[in-house]
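Worth saying up front: this structure is predicted, and the values here are computed from it rather than measured. Proteins come first, then strands; the chains are lettered A, B, ... in the order of their sequence lines, and each starts at number 1.
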There are 2 protein chains.
Amino acid sequence: MSGRFVPRSRRETRASVLESLLRTGGAFRPVLARETKLTEASISRILSELRKERVVEEVRRSAPYVGGPTALITLSKNVAVAGIELSNNRLSVGVGDLTGTLDYVDRMPVSGQLGQDEFEHLFQESVAAMQEWTDQRGLILSQAAVAIPGYGRGAAGNPIFPWDMPRLTRFIDEIFGDVPVAVTNAVVAQAAFHRYSRTGIYPVASDHLFLFVGHGVAGVIVDETTPVDAFSAFELGHMVIERGGLACRCGHRGCVEAYTSLRAISKIIGVPDSDILSKGDSFIDMLDLGAGMREALRERLLLLGLGLGNALNLHPLSSVVISGWPSLMPSEDRLAILDGLNESLLGGYDASRLALSFIAPSIGNDPRAALYYAAYCFVRSGGLDPRTDPQTALEEIA
Amino acid sequence: MSGRFVPRSRRETRASVLESLLRTGGAFRPVLARETKLTEASISRILSELRKERVVEEVRRSAPYVGGPTALITLSKNVAVAGIELSNNRLSVGVGDLTGTLDYVDRMPVSGQLGQDEFEHLFQESVAAMQEWTDQRGLILSQAAVAIPGYGRGAAGNPIFPWDMPRLTRFIDEIFGDVPVAVTNAVVAQAAFHRYSRTGIYPVASDHLFLFVGHGVAGVIVDETTPVDAFSAFELGHMVIERGGLACRCGHRGCVEAYTSLRAISKIIGVPDSDILSKGDSFIDMLDLGAGMREALRERLLLLGLGLGNALNLHPLSSVVISGWPSLMPSEDRLAILDGLNESLLGGYDASRLALSFIAPSIGNDPRAALYYAAYCFVRSGGLDPRTDPQTALEEIA
DNA sequence: AGCAATGTTTACACTGTGTAATTATCGTGC
DNA sequence: GCACGATAATTACACAGTGTAAACATTGCT
């Protein structure tokens, strides 16, 4: 009757406690116990360990009710992590702590046709500058993360930057030397950041597809029970929805990206693709200029909906969050997506079975997503150095 | 340095030992220890437990080498499981043991347009007949499994049998009463059966997509590290690949299924859809009759490849196994699939990055897949009654 | 100051594992 | 037919990590 769930390694237990703190931004012990499904006794033991290691801190708060808790547990500001983000426009490097503070930022413009050698050169320089900054302050990085669009498709290669990926990860590993570094898909970092980092109101809390429409069209299935670092990107951009249609940079015809990417719509509205997302609300005003523009964009949204419906047929989900330029469109125009869904989604679009929501593209806050991802990876490792851990060592051998 | 990986609940440990036995069909202790990453000491303890419970048996064998092992451990024939499979043609019920022996089979024809009431009625009758058989022999079922095409798409509903799924699972649960019963997608059961049940040579051993082209077109990602019961079906059939194309039974136009399902090709070759898969090798001879037939079928295979490429763009995998009518086609005709892949798969088809293989559709051995799935579910539960297990009970509350 | 209500820590028992010592089994060679 | 070598299989013990329950601490209220 006791319903015990005993076995967990210390690392796992620490990880789930720390993850809970990262997601909530700070919690009282009883809450923590509930979230992690541990007893307060265990929480007490783990926290005293983590406090000794200066990974977490206690802040005294007045009790919220009679006899209530007084010690708010938060992640420590002593742990330094780094995040590096590559987008089609720039390479951003940042250093911060586990609470989300960004203490150092450096952004370099890059071209969309960036070659691998060129990138490596730039990367090395940027990291060197960052390390100078950390060395000056005596900071030691506990974790770094690099977010790259199109990353993580194994043998299929990167559809956005056609690079040698094993070489890239080796290169990055070497640059960072002793510091553990995680490389991930930009959209994974972004989804995790939006969903969990408490920087704004996120429209859904259950499993859903996060779809970003930028230079590429990529999604992630945000599965609430799966660790973020196991999320895998969902490259929607190169689904062929119109045989023999518009030519795409991938060499095929009729891809979703050929119709709905920033580059594709920049041709319609006559604004450089790099400017579109930064326009924010003024985007809509801009559209008033051309009468046929909105209609043309609605057609593109319909095609996006068609591809999205196809994707949802493969992997049914009851909720989708869309970010990117479609989120800047007037809400009546966005309805075109539903028309597309009606052409492909099994059973058609039905608000009771599919919730569609939009979230503003978060231009300007790079490399916060990568930084958050670095914090997440640190936390997932239980705040223990992966290199000295026997279990990980064992797995590496195997 | 020791590389210990201690924490596992007894249930998990038992499950991994039993799963290993199910997959291999019997093993010696040292092999078992390696496969489960446990020490021989643990294996010894677990096996003595399982032997007492009569879930496993020991068969004496002459040692394969000096000082070699003599006791081959196998799953017991004492544990009875039931498998029920619904296809568009029939409802098959079987009872067997964990070794794959099928002791009782009953098959009833059903129509493709089966209504839910009608199905429930038939199901109840078939199960009653089966229970009469088990009662006569004093058998007590330890686990049952039901495999249904199109099952498991949550709120999205079943695209093949448009039924009320919560009602269906409730109904099935009630029918079986005390016996634990798992309901799953037919293609999941089939993939697991082909891949793990040692009934034939399976072409790949790594992660891959298993795609079955029958009345529907469905796939499963067979991920070697994920438990089979967590596999989720991949409904490729209703991806729209030709806007405004052929009408599909789902109400949309241009779905993969409208071009490549058994029903679709039965119109081309003039053979009833229910007969196609059972023709086996004579299928090819049949095609010789019509000159344009093969060309028409090749076109359909191209479209299948197009849809497959789209799916692989979303979820990159380096290996695909195809079963169903395409596997009966002459190998030169199957090359049309590659043409389709070349239109959609990022980077085009490349034998070094994508291995395509074919496996004969296993008509006639239903309900072996469901039976195997039942055995798998039993094994996954550690051979313990899930109802008396505190952990499961806890999870059910949550 | 004392009390009620809750939070926090600690002593102890329990589960399940690995290590290492012990015991069992088999084939081989004399 | 019996001792020996090689490996399999079991068992005693130590250790990690959890939950339970009791002890102790803190707070606000009267």
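Separating the CZ atom of B:R60 from the P atom of C:dG27 is a distance of 11 Å, rounded to the nearest angstrom. Atom CD in B:E40 sits roughly 14 Å away from atom C1' in C:dT25 (whole-Å rounding). Protein atom NZ of A:K37 is 16 Å distant from nucleotide atom P of D:dT18, rounded to whole Å. Per the geometry, CG belonging to A:L38 stands 11 Å off P belonging to D:dT20, to the nearest Å. Rounded to whole angstrom, the span from the CG atom of B:L32 across to the P atom of D:dA8 amounts to 13 Å. Between A:I73 atom CD1 and C:dG7 atom P there is a gap of 13 Å when expressed in whole angstrom units. We find that CZ of B:R14 is positioned 14 Å from C1' of C:dT15, with the value rounded to whole Å. A:E58 places its CD atom 14 Å from the P atom of C:dG7, with the value rounded to the nearest Å.
At the phosphate of D:dT18, OP1 or OP2 sits under 4.0 Å from a side-chain N or O atom of A:R10. OP1 or OP2 of D:dG19 lies within a sub-4.0 Å distance of a side-chain N or O belonging to A:S42. For C:dT8, the OP1/OP2 oxygens have a side-chain nitrogen or oxygen of A:R29 closer than 4.0 Å. At the phosphate of C:dT17, OP1 or OP2 sits under 4.0 Å from a side-chain N or O atom of B:T13. Between D:dA16 and A:S9, no contact under 4.0 Å exists linking OP1 or OP2 to a side-chain N or O.
Heavy-atom neighbours of A:L102 CG from other residues, nucleotides or ligands within 6.0 Å: above the threshold of 12.
Comparing D:dA9, D:dA21, C:dG7 against the side chain of A:A41 picks out D:dA21 as the nearest.
Along DNA chain D, the nucleotide nearest A:T39 and the nucleotide nearest B:L47 are compared for position; the residue whose nucleotide lies closer to the 5' end is B:L47. Between B:F28 and B:R45, it is B:F28 whose nearest contact on DNA chain D lies nearer the 5' terminus.
Shortest non-hydrogen contact noted between A:V220 and A:A191 is CG2-CB, 3.6 Å.
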For a quick test of your reading: what N or O donor-acceptor pairs under 3.5 Å do the side chains of residues 71-79 of chain B make, sequence neighbours left out?
from, atom 1, to, atom 2, distance (Å)
B:S76, OG, B:R54, O, 3.2
B:S76, OG, B:N78, N, 2.7
B:S76, OG, B:N78, ND2, 3.0
B:K77, NZ, B:T99, OG1, 3.1
B:K77, NZ, B:T101, OG1, 3.4

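The aromatic rings of A:Y202 and A:H194 sit parallel, their planes meeting at an angle under 30°, below the 60° perpendicular limit.
Salt-bridge annotation for A:R170 and A:E174: absent, with no side-chain N of the basic residue lying under 4.0 Å from a carboxylate O of the acidic one.
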